[in-house]
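All values reported here derive from a predicted model rather than from experimental measurement. Naming: A, B, ... by sequence-line order, numbering from 1 per chain.
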Protein chains: 2
Amino acid sequence: MSEQNQFVETLRWRDGRLEMIDQRVLPARFEYLAYTSAAQTAEGIRSMVVRGAPAIGCAAAYGVALDALRLRNASPADFVAEMDKAFDVLAASRPTAVNLFWALKRMRTVWDAVKEQSVGAIAERLLAEAHEVTAEDIRINRAMGAFGAELLSDGACVLTHCNAGSLATAGHGTALGVFRSAVEAGKKISVIADETRPFLQGARLTAWEMVQEKIPVTLITDNMAGFMMSKGEIDAVVVGTDRVAANGDVANKIGTYMVAVLARRHNIPFYVACPLSTIDMGIASGMDIPIEERSADEVKGFLDTLWAAEGVKIRNPAFDVTPAELVTGLITEKGVILQPNREKLVSLFSGNQLDDTILEPRGLS
Amino acid sequence: MSEQNQFVETLRWRDGRLEMIDQRVLPARFEYLAYTSAAQTAEGIRSMVVRGAPAIGCAAAYGVALDALRLRNASPADFVAEMDKAFDVLAASRPTAVNLFWALKRMRTVWDAVKEQSVGAIAERLLAEAHEVTAEDIRINRAMGAFGAELLSDGACVLTHCNAGSLATAGHGTALGVFRSAVEAGKKISVIADETRPFLQGARLTAWEMVQEKIPVTLITDNMAGFMMSKGEIDAVVVGTDRVAANGDVANKIGTYMVAVLARRHNIPFYVACPLSTIDMGIASGMDIPIEERSADEVKGFLDTLWAAEGVKIRNPAFDVTPAELVTGLITEKGVILQPNREKLVSLFSGNQLDDTILEPRGLS
């Protein structure tokens, strides 16, 4: 088994199809669903068969490849028309995670570069790029994990919200990748997982991943994080993100902002594991990040079990925004950006060194 | 129908038995369970058939009366021995809500005052006192409601956590009593209800009570409160409490502390509806209030639906403590104690006037 395959494969390419673990039914059932078109893949993203910003990016890349392969015998004109639709349906699947748009832009750029070739050759090139997006995601997560692991003390108890694990990525994970890398480096850490209503990614996915790997994990409801902090039981917070604005504001799963506010009150460091593909320099501030509002049914209960009083109105924002001032550091594959702000992010994307602000400065090469 | 009976009867005395709404299955099923002994009543409190600090106090008073009536033909010696057991089993049912101990102490005092009388007469006196505890709770809630209603502006959107409603009391409610009184006073208010994991008192009970009375109510998961505040959608917070320490620290349902921290960050007033029976001058600070840890199963899912990954450890503290410095005011039946602290509470219980700190000063007469 290769190093890349030591974790669960959230997405995999089998027999010309995209297979994705159905994350709606984990951990009760572990099963893959197969996808053969962009439209099917978009529906898988929308309905949260697959979720997590990096995994959504990989799924979207494969969604593009699926339609390209499906159209490999089409005329060039039909191919262009149908592929434009494929990009559109994928782009409309979920609004907040920027990796979706990043991956689609990358696939579009690859297509542009080979657009003079045959339809069949273009399709093969797009599939190769989807494979590369996925393999690269794992390499990036390992790089982030190495930087992040240095931030955690031996014996630390770390809280995380939602699931930024193997299941949210192509593998290893962003926030949970930091925990895995810390354990690989010989550190004893323990994890507190917020259950993360309404979709319960913490209770179902993060807890499951940690149990699988025998990393000690304790599950709490979302409203217990303050209690645990007030008792001195949490040493650090590490979460993932769906989009970081150019000023360092962080959009992530609903409830992240509350954890950040509490961490500040208790002087607990609050880190965000954030591949550079999640930073959107085209969005000035977190206030401008589109926040998805999902179906009322998710809040009324869980799957088929509904408990809310009939007739009650529901709000269901899926994400919130944590202002940069509450972020101790962004853990990227190039190093850790402490106290992120616009100046540092602009400098990072300009390839400059940031010796005093990045733990392990490398710039973007 | 008398004014006292316009709301649902959480507890009622019927045919020599205590009947309590089974709050575990609301709103899917509305049904009363009948209790004929102190031990049964204690189990009803422990298993949360009845919950909410004032309602627990009323149930405990009736629990004492039930055993007294059951023993009305016993010898005086047997009566004393068995009644001591009744007090003990009730006192052991739940640890945090002080109203339980307050009610038991009150019943003990009444018994002491008539202990020279016949066993039958003592039993009748204890039942009369249980009725009085219950009737008094409703009067107190109405008085708190009147004071609290003055704090809410017309058109205000008020967040509450857990259920401090009719279902948490003998009727009218503490926090929800404030909302009811505001509506009775002609104010248009709307309510945001946190769902309140793990027992979902907000989704099941608060939402249900508000829908019944056509007070506009919106349900959110606990981790959405920060988002709503950051969007300017919440004007005030009103919650109940299970015990207030002598320094003004407030123990209430887990998650209350997080709401209070967020309210402070957003300069939103945070009020606690608090009958004087909930203030425990024998506890110096919130740190000393015993916090109940309940069964892991509650966090693993809801009732028979379990979703947590197998093998995960669980924490389930049922309450947390909000330090007095985060409390804008305690709404009591004697007036509102702004910025509560030890000095003000000591003065209040000494019967002094507190003109500059109590909205409608009356002292304790």
Engaged part of [X] at the chain A interface, taking heavy atoms whose separation is under 4.5 Å:
X	result
B:V211	side chain
B:E310	backbone
B:R265	side chain
B:E233	side chain
B:F319	backbone
B:A296	neither
B:L200	side chain

Return the option, out of [options], with the maximum number of heavy-atom pairs under 4.5 Å with chain A.
options	result
B:E325, B:Q212, B:M287	B:E325
B:V321, B:D194, B:L326	B:L326
B:F227, B:W208, B:F302	B:F227

Open item on the list: Using the rule side-chain contact (heavy atoms from CB on, under 4.5 Å), only one of B:L219, B:V191, B:T206 pairs with A:V312; which is it?
Closed with: B:L219
Open item on the list: Taking side chain as everything from C-beta outward and backbone as N, CA, C, O, which of these in A:L205 sits under 4.5 Å from a heavy atom of chain B? Side chain, backbone, both or neither.
Closed with: neither
Nearest 0.5 Å, please: how far is [atom2] in [Y] from [atom1] in [X]?
X	Y	atom1	atom2	answer
B:E298	A:T221	CD	OG1	10.0 Å
A:I192	B:K313	CD1	NZ	8.0 Å
B:R197	A:I220	CZ	CD1	12.0 Å

Heavy-atom closest contact ([X] atom, [Y] atom, distance):
X	Y	result
B:N223	A:D320	O-OD2, 4.4 Å
A:S230	B:Y257	CB-CE2, 4.3 Å
B:V261	A:V261	CG1-CG1, 3.8 Å
A:A203	B:W307	CB-CD1, 3.8 Å
B:T218	A:R315	CG2-CG, 3.6 Å
A:P27	B:A309	CG-CA, 3.6 Å

Open item on the list: Quick check for you: among A:M210, A:K300, A:M228, which has the greatest number of heavy-atom pairs under 4.5 Å with chain B?
Closed with: A:M228
TODO: List the steps and the verdict of side chain to side chain contact (heavy atoms under 4.5 Å, CB included) for B:N316 and A:M224.
DONE: CA-CA 8 Å; B:N316 188 13; A:M224 292 173 189; 3.3 Å; yes
